[in-house]
Novice: 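Right, I'll just put the structure down here and ask away after.
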Amino acid sequence: MLSLRVGPSTSFHSRRFHDRALERRWRLGRDCFLSFSHHRRGTGLGVRSARSEMTTFTAAEEDTLPDGLQPELMPKHVAVIMDGNGRWAKNKGLQPWDGHRAGVEALREIIELCGKWGIQVLTVFAFSTDNWIRPKIEIDFLLNLFERTLKSELETLAKNNVRISIIGNSSKLPKSLLKVINEVEEVTKNNTRLQLIVAVGYSGKYDVLQACRGIAQRVKDGEIEVEEIDERLIEQELETNCTEFPYPDLLIRTSGELRVSNFLLWQLAYTELFFAQELWPDFGRSGFIEALMSFQQRQRRFGGRKS
Amino acid sequence: MVDQIRRMGGGVSQILEQIHGFARRCLFRVISMGPLPTHLAFIMDGNRRYAKKRGLKDGSGHKAGFSALMSMLQYCYELGIKYVTIYAFSIDNFRRKPEEVQSLMDLLLEKIKSLLDKESIVHEYGIRVYFIGNLALLSDQVRAAAEEVMEATAKNSRVVLLVCVAYNSTDEIVQAVKRSCMNKLVKHSEGGDRDIERIQLVDVEENMQMSVAPEPDILIRSSGETRLSNFLLWQTGNSQLFSPDALWPEIGLRHLVWAILNFQRSHSYLEKMKKQL
């Protein structure tokens with residue numbers, strides 16, 4: 001819906017990690033929400049934004065909201081469709097998996113900012129039911145990347161009081177990934193600072209359908225009558241019942257695509273939508289700030305009147 | 001003398017109208033060389049803001065909105081778009097001040113009845129009209145008028161207009177879920193279906209009120225707001241979303257053309273992606 005609104009110019013050059021740059025970020029990152037783990041140093045292509053190396057920021061500056069954002073108007077739940085990794089890689093003459101790796105880095109930054117700025121739930125669309133038609137090699141890489149990232153980040157996330165929940169149809173996922181998912185959910189289930197919901201093998205229609213089946217089962221068991229089925233009942237059965245705030249206040253989709261692609265159907269009834277032109281690996285702090293500013297300026301009426 | 005000038009003025013404006021119509025039809029011929037959407041949906045937002053902006057009485061905004069709607073429908077059907085859905089009144093709107101709700105209901109009744117006139121757009125384009133929503137929430141008069149229009153236009157098949165009134169997407173889904181459960185229970189008790197909890201997607205979808213139309217290709221919301229407001233959540237998963245800043249009474253041909261050109265651009269990209277897979 002905002003195809004005419006263009007984000008700040010964010011042309012990035014992919015570059016290799018220089019030890020010096022990494023070390024600088026590591027020192028600054030000591031108090032940061034998430035820090036790079038050692039074993040990633042030097043592996044793959046460095047995709048950190050030129051911005052993060054050029055701006056000098058202190059830990060104190062990190063914690064305060066940037067100018068223009070008001071703390072009382074921050075959304076409680078932000079949802080993100082991380083679109084554009086493949087196109088990003090293609091534009092730079094790289095392989096699709098490099099794009100996905102770059103995507104993970106971009107996600108880290110957003111998780112960090114959510115934790116700092118008081119956003120309580122962040123839902124990310126990692127893998128949709130439609131994505132199963134992609135080439136097997138890409139799917140295997142994606143699921144593998146997801147598993148490795150979960151394992152390597154578990155300690156950091158646990159330390160930073162982040163709770164992780166995974167939603168979606170897990171029946172097609174490899175067993176090793178399912179095992180890691182269960183472990184991660186178990187270890188972090190009591191954390192309270194930020195809830196990170198990762199949608200894997202998820203589709204909005206599928207979510208409503210499985211809620212419908214749950215309700216049908218309850219009707220069959222005589223627990224409820226058909227006439228008693230209402231919106232609240234469906235809401236309770238949706239997979240987003242794992243959080244106190246199941247409805248996103250703000251949905252961000254990157255890469256300029258102006259559609260929701262069946263991500264979170266029921267839950268998006270009153271969500272403010274923001275479509276960013278940048279591809280996901282390029283969507284960083286400044287893109288996020290722009291989305292939040294746009295959100296804070298909107299008048300949400302929920303069908304009523306602003307009198 | 002004054003009369004002569006007036007007649008000439010009338011003649012000139014008629015000629016201008018004809019030229020405008022001709023130019024429009026030429027433009028449509030060019031656009032229809034590319035893929036056209038089958039189904040367009042509109043959220044007609046901004047009527048009251050328009051009235052305020054122009055310093056008019058509150059109700060005039062909605063009246064101006066109705067004229068804009070008629071023009072938009074004319075353009076869509078001229079272009080050859082078969083299905084048009086409009087969000088006329090949401091269940092949430094019942095929460096507004098009683099006077100406003102009543103005046104909206106009065107306007108709705110007046111306009112629904114006018115659809116049955118011989119000169120109305122329904123007869124001009126052979127429109128089949130559906131009223132989608134929880135019609136039980138409407139007054140008896142409005143509901144009766146709506147049912148009369150649906151019956152009167154049931155035989156039309158050229159183009160379709162779906163008017164969502166007393167509608168909420170979540171309410172539509174709840175009704176569909178109820179009906180699916182009910183159907184499964186009936187089958188179960190007749191000894192047919194053993195597992196009633198194995199409801200399939202197709203069971204829910206065929207019980208949706210909007211199943212009479214395919215999914216919208218484009219959803220246009222006027223007044224610059226970018227949210228779905230509980231409209232067609234189930235059906236717009238893959239629709240292109242377009243949100244011009246113009247308030248609904250200000251919406252015009254240029255917005256429609258822009259939306260369709262964008263649709264054509266992304267359509268070719270999507271087709272290319274599908275071919276690659």
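Chain letters run A, B, ... following the sequence lines, proteins first, then strands; residues in each count from 1.
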Novice: Of the backbone (N, CA, C, O) and the side chain (C-beta and beyond), which part of E205(B) lies under 4.5 Å from a heavy atom of chain A, both, or neither?
Specialist: side chain
Novice: For N238(B), does its backbone N or O pair with a side-chain atom of R259(A) as donor and acceptor, under 3.5 Å?
Specialist: yes
Novice: Is the closest side-chain heavy-atom distance between E228(A) and K178(B) below 4.5 Å?
Specialist: no
Novice: Got a second to check how far E257(A)'s CD is from L241(B)'s CG, nearest 0.5 Å?
Specialist: 10.5 Å
Novice: From S169(B) OG over to E231(A) CD, what is the distance, rounded to the nearest 0.5 angstrom?
Specialist: 9.5 Å
Novice: Relative to chain A, which segment of D171(B) carries a heavy atom at a distance below 4.5 Å: side chain, backbone, both, or neither?
Specialist: both
Novice: Do L233(A) and V177(B) make a side-chain contact, defined as non-hydrogen atoms from C-beta onward lying under 4.5 Å apart?
Specialist: no
Novice: Measure E235(A) against the heavy atoms of chain B and call it side chain, backbone, both or neither at under 4.5 Å.
Specialist: neither
Novice: Just how far is it from atom OG of S229(B) to atom CG of L268(A), taken to the nearest 0.5 Å?
Specialist: 12.0 Å
Novice: Side chain to side chain contact (heavy atoms under 4.5 Å, CB included) between I173(B) and L265(A): does it pass, once the steps are laid out?
Specialist: CA-CA 11 Å; I173(B) 295 174; L265(A) 190 155; 3.8 Å; yes
Novice: Below 4.5 Å, heavy atoms only, C-beta onward: do K184(B) and K220(A) meet side chain to side chain?
Specialist: no
Novice: Relative to chain B, which segment of I234(A) carries a heavy atom at a distance below 4.5 Å: side chain, backbone, both, or neither?
Specialist: side chain
Novice: Using a cut-off of 6.0 Å, state whether more than 12 heavy atoms not belonging to K111(B) lie near its atom NZ.
Specialist: yes
Novice: Need one label for Q235(B): side chain, backbone, both or neither, based on atoms under 4.5 Å from any heavy atom in chain A.
Specialist: neither
Novice: Rounded to the nearest 0.5 Å, how far apart are CG of L201(B) and CD of Q210(A)?
Specialist: 12.5 Å
Novice: Does E227(A) have more than 12 heavy atoms from other residues, nucleotides or ligands lying within 6.0 Å of its CD?
Specialist: yes
Novice: Relative to chain B, which of I215(A), I229(A), L251(A) shows the most heavy atom pairs under 4.5 Å?
Specialist: I229(A)
Novice: If you look at every heavy atom in L233(B) and W266(A), which pair is closest and at what distance?
Specialist: CD1-O, 4.0 Å
Novice: Please say whether more than 12 non-hydrogen atoms of neighbouring residues, nucleotides or ligands are located less than 6.0 Å from NZ in K205(A).
Specialist: yes
Novice: To the nearest 0.5 Å, what is the distance between SG (C212(A)) and CG (N207(B))?
Specialist: 9.5 Å
Novice: Is there a side-chain contact between V204(B) and L209(A), using heavy atoms and a 4.5 Å cut-off?
Specialist: yes
Novice: If you count heavy-atom pairs under 4.5 Å with chain A, which of N230(B), D45(B), N168(B), I91(B) comes out on top?
Specialist: N230(B)
Novice: Look at the side chain of R227(B) and the backbone N and O of T271(A), then say whether any donor-acceptor pair between them is shorter than 3.5 Å.
Specialist: no
Novice: I'd like to know if the side chain of T226(B) reaches the main chain of L273(A), judged simply by a donor and an acceptor atom lying under 3.5 Å from each other, with no hydrogens or angles considered.
Specialist: yes
Novice: Could you tell me the separation between the CG atom of L258(A) and the CD1 atom of I218(B), rounded to the nearest 0.5 Å?
Specialist: 10.5 Å
